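See structure below.
What you see is a predicted model; the values in this text were computed from it and never measured. Values below: every heavy atom of this structure, side chains too, minus hydrogens, waters and symmetry copies.
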Amino acid sequence: MVVTVRVRFAPSPTGMFHVGGARSALQNWIYAKQQGGVFVLRIEDTDAARNKPEWTEGILSALDWIGISRDSYEGPYFQSSYAQEHRAAAARLHDSGRAYYCDCTREAVQARTGNQYTGYDGFCRDRGLPPGEGRALRFRTPDEGTTVVVDLIRGEPTFENKLIEDFVIARGDGSPVFLLANVVDDMTMGITHVIRAEEHLPNTPKQQLLWDALGVKPPVWAHVPVVVNEKRQKLSKRRDKVALEAYRDEGYLAAAMRNYLMLLGWAPSGDREIVPWSVIEDEFRLSEVNPSPAFFDEKKLRAFNGEYIRALPVEEFVEACRPWLTGTGTIAPPPWQPEEFDPAVFAAVAPLAQTRIAVLSEIVPNVDFLFVATPLIDEAAWTKAMKEGSAELLEATIAAFEAVDSWDAQTLKATLEAVGAERGLKLGKAQAPVRVAVTGRTVGLPLFESLEVLGPERTLTRLRAALLRLV
């Protein structure tokens, strides 16, 4: 009998979209495509106090951004819509004797065991309590034997049943906890493979026991490695930069991001990392995923992104920069007024900027001097560049630039080089005050190409203004 592979991605709409979740979504997505299967999106929205509609939309838009479009998966389904199925499963487990009601408090258990770290002691197992207010429903775990989890990445982790406490599957108000709801949802949706983060592995023997108790064959498991920071700590929303949206709004390209995410625990063939997405789709194998923690190296991601930016055709680069040149709902507007922006001017310097930025948001400080009335002076840069003799240098540069026959980069470079030589300065030293006077910074696009695009009138006006500030 041929079984259609069905995988699921089941995020909670309680905050920004975690890069680790994006990695899991991509792995599920690719596996489903490789197997001719179905990718199911399920929104686990039962935490009513923390769920917000905008977080759900954020999940959908984040998936769109990394290439998992809304018309290509089944769903989204919402866990809250399956409350009836959850309660029915809890009732079946109770009626079959696989679950029982318990009125023990944490304090009572601790008083009996004398240890706050000891798990539940099974006190209510044979009391035969009926359902009632404040009585949770616990699953009766086997006293003997083992539960073997067959995992495509981790082999066959084995858990002794006697070490698994009788865990709660429904609260005192009858609402199911995550363990049961997750299992019932997967059963209802026909999920055949569960590919998820390693942090869920301790829950897996409990969930597998629930699958067995409900008479359904468990899915194939695959627990991908946890994603850690440079200190090898699990990435945390409270401590680390983990929101996929933050990287998107900073100017990371979707293609670079998803290429990098797929390298967290896996690598394509050969001594290469930056590869076409088609290669990843073809070569990715769950069985080849390394179970060790995967380091999310933001510096490496940045370098990746720079490579992807430089590989863009110039026309695509110009278009990719547009949100930062105009501003959007989540990207701050640039420091110039909309009417001051000239697309033709930007197109002229785009090839120069493309080789110098690693994220698209860096385009603004590289080109703002072209579109503001006066340059935005970095005071530290001004202090560094305007040394003794800078006023005389600027005065001579103004006179020399006023006399040039042709306002082009090559002529301007030769002119300033001559001005500097007269004062015993190499070009690098001579151009520093000019760059800061015109652009406001000590680093940026090639100076003379920038002056050519800026034009003689604006260039000379800024040089004169800088001279006045110095004298």
Check your understanding: For L129, does its backbone N or O pair with a side-chain atom of R135 as donor and acceptor, under 3.5 Å?
Key -> no
Study note, to complete from the structure: For A320 and L360 the tightest heavy-atom approach is O-CD1, 3.5 Å
Review point. Hey, is the main chain of S80 close enough, under 3.5 Å, to the side chain of D45 for a donor-acceptor pair?
Key: yes
Practice item. Apply side chain to side chain contact (heavy atoms under 4.5 Å, CB included) to E319 and list each qualifying residue two or more places apart in sequence or on a separate chain. Key: R322
Check your understanding: Does a donor on one side chain and an acceptor on the other come within less than 3.5 Å for H193 and N28?
Key -> no
Practice item. Please tell me if the side chains of T326 and P334 come closer than 4.5 Å, counting only heavy atoms from C-beta onward. Key: no
Review point. Are the side chain of T204 and the backbone of H200 linked by a donor-acceptor contact shorter than 3.5 Å?
Key: yes
Point to revise | From CA spacing to verdict: side-chain hydrogen bond (donor to acceptor under 3.5 Å, both in side chains), W65, E245 | key: CA-CA 9 Å; W65 185 64; E245 298 93 330; over 6 Å; no
Check your understanding: Is a side-chain N or O of T146 found less than 3.5 angstrom from the main chain of V148, in a donor-acceptor match?
Key -> no
**Study point:** Smallest separation among heavy atoms of A99 and I169, with atom names
**Key:** CB-CD1, 4.0 Å
Point to revise | Exercise: do R8 and T192 side chains pair donor with acceptor under 3.5 Å | key: no
Point to revise | Q84, CD atom: more than 12 neighbouring heavy atoms under 6.0 Å | key: no
Check your understanding: Shortest non-hydrogen contact from S24 to V224?
Key -> OG-CG2, 4.0 Å
Check your understanding: Quick one: are V220 and L152 in side-chain contact, heavy atoms under 4.5 Å?
Key -> yes
Review point. Looking at side-chain heavy atoms only, is the closest gap between R356 and P446 below 4.5 Å?
Key: yes
Exercise for review: Report yes or no: does D212 contribute a side-chain atom to a donor-acceptor pair with the main-chain N or O of K217 at less than 3.5 Å?
Suggested key: no
Exercise for review: Measure the spacing between OG1 of T328 and CG of D249 and express it to the nearest 0.5 Å.
Suggested key: 6.0 Å
Check your understanding: Would you say the side-chain atoms of R171 and S175 include a donor-acceptor pair closer than 3.5 Å?
Key -> yes
Review point. Which heavy atom of I30 sits nearest a heavy atom of F284, and at what distance?
Key: CG2-CD2, 3.9 Å
Exercise for review: Report yes if the side chains of K234 and V227 come closer than 4.5 Å at any heavy-atom pair, otherwise no.
Suggested key: no
Point to revise | Close side-chain approach of V7 and W29, heavy atoms under 4.5 Å | key: no
Exercise for review: Establish, for the pair R232 and F295, whether the NZ or CZ atom is under 6.0 angstrom from the six-membered ring centre and no further than 45 degrees off its axis.
Suggested key: yes
Exercise for review: Write down the atom of S236, the atom of V242, and the distance for their closest heavy-atom approach.
Suggested key: O-CG1, 3.8 Å
Revision key, fill the gap. CE of M16 to CD1 of I59, rounded to nearest 0.5 Å, is 11.0 Å
Check your understanding: With a cut-off of under 6.0 Å to the ring centre and 45° to the axis, is R285 in cation-pi contact with W266?
Key -> no
Practice item. With rounding to the nearest 0.5 Å, note down the distance linking CG in L370 to CG in L445. Key: 7.0 Å
Exercise for review: Please say whether more than 12 non-hydrogen atoms of neighbouring residues, nucleotides or ligands are located less than 6.0 Å from CD in E144.
Suggested key: no
Practice item. Begin from the C-alpha positions of T141 and N161 and carry the test side-chain hydrogen bond (donor to acceptor under 3.5 Å, both in side chains) through to its verdict. Key: CA-CA 7 Å; T141 60; N161 291 332; over 6 Å; no
Check your understanding: Taking atom NZ of K241 as the centre, does the number of heavy atoms from other residues, nucleotides or ligands within less than 6.0 Å exceed 12?
Key -> yes
**Study point:** Side chain E198, main chain V226, donor-acceptor under 3.5 Å
**Key:** yes
Check your understanding: Relative to the ring of F346, is the ring of F317 parallel (under 30°), tilted (30 to 60°) or perpendicular (over 60°)?
Key -> parallel
**Study point:** Inter-residue atom distance F167.CZ - L137.CG, 0.5 Å rounding
**Key:** 10.5 Å
Practice item. Look at the aromatic rings of H86 and Y82 and report parallel, tilted or perpendicular, splitting at 30° and 60°. Key: tilted
Point to revise | D64 and S69: side chain donor to acceptor below 3.5 Å | key: no
Exercise for review: Could you tell me whether the side chain of E74 reaches within less than 4.5 Å of the side chain of L41, counting heavy atoms only?
Suggested key: no
Exercise for review: Answer yes or no: are there more than 12 heavy-atom neighbours, outside K162 itself, under 6.0 Å from its atom NZ?
Suggested key: no
Review point. With no hydrogens and no angle check, is any side-chain donor or acceptor of N366 less than 3.5 Å from a backbone partner on G444?
Key: no
Review point. Which salt bridge (charged side-chain N to carboxylate O under 4.0 Å, His left out) pairs, counting each pair once, include a residue from residues 98-121, with sequence neighbours left out?
Key: D103-R127, R112-D121
**Study point:** Any side-chain heavy-atom pair of I363 and Q354 under 4.5 Å
**Key:** no
Check your understanding: Nearest heavy-atom pair of W324 and V364: which atoms, and what distance?
Key -> O-CG2, 3.4 Å
Review point. Between Y252 and Y247, what is the ring plane arrangement, given parallel below 30°, perpendicular above 60°, and tilted in between?
Key: perpendicular
**Study point:** Worked verdict on F369 versus S450 for side-chain contact (heavy atoms from CB on, under 4.5 Å)
**Key:** CA-CA 9 Å; F369 72 96; S450 298; 3.6 Å; yes
Practice item. For the pair N182 and Q79, evaluate side-chain hydrogen bond (donor to acceptor under 3.5 Å, both in side chains) and give the outcome as yes or no after the intermediate values. Key: CA-CA 8 Å; N182 196 263; Q79 190 171 69; over 6 Å; no
**Study point:** Nearest-0.5 Å distance, CG of residue L286 to CD1 of residue I153
**Key:** 5.5 Å
Check your understanding: Do Q233 and D240 meet the criterion of a side-chain donor-acceptor pair at a distance under 3.5 Å?
Key -> no
Check your understanding: Any ion pair linking R248 and E250 (charged N to carboxylate O, less than 4.0 Å)?
Key -> no
Check your understanding: Should E281 and R258 count as an ion pair when the cut-off is N to O under 4.0 Å?
Key -> no
Check your understanding: Just by distance, do the side chain of R435 and the backbone of G440 share a donor-acceptor pair under 3.5 Å?
Key -> no
Review point. Which value, rounded to the nearest 0.5 Å, describes the distance between D368 atom CG and F341 atom CZ?
Key: 12.0 Å
Check your understanding: Is the count of non-hydrogen atoms from other residues, nucleotides or ligands lying under 6.0 Å from E379 atom CD greater than 12?
Key -> yes
Review point. If only atom types and distance count, is the side chain of R23 paired as donor or acceptor with the main-chain N or O of L264 below 3.5 Å?
Key: yes
**Study point:** Residues Q207 and N203: side-chain donor-acceptor under 3.5 angstrom
**Key:** no
Exercise for review: Consider only side-chain N and O atoms of E283 and S269, and report whether a donor and an acceptor are under 3.5 Å apart.
Suggested key: yes
Practice item. Compare all side-chain heavy atoms of N305 with those of Y260 and state whether any distance is below 4.5 angstrom. Key: no
Exercise for review: Apply ring pair (Phe, Tyr, Trp, His ring centres under 6.0 Å) to Y100 and H94, showing your working.
Suggested key: CA-CA 6 Å; Y100 60 90; H94 179 257; 9.0 Å; no
Review point. What do the steps show when you test N259 against Y308 for side-chain hydrogen bond (donor to acceptor under 3.5 Å, both in side chains), and what is the final call?
Key: CA-CA 10 Å; N259 184 166; Y308 270 88; 2.5 Å; yes
Check your understanding: Between R138 and D166, is there a donor-acceptor pair closer than 3.5 Å when you use the side chain of the first and the backbone of the second?
Key -> yes
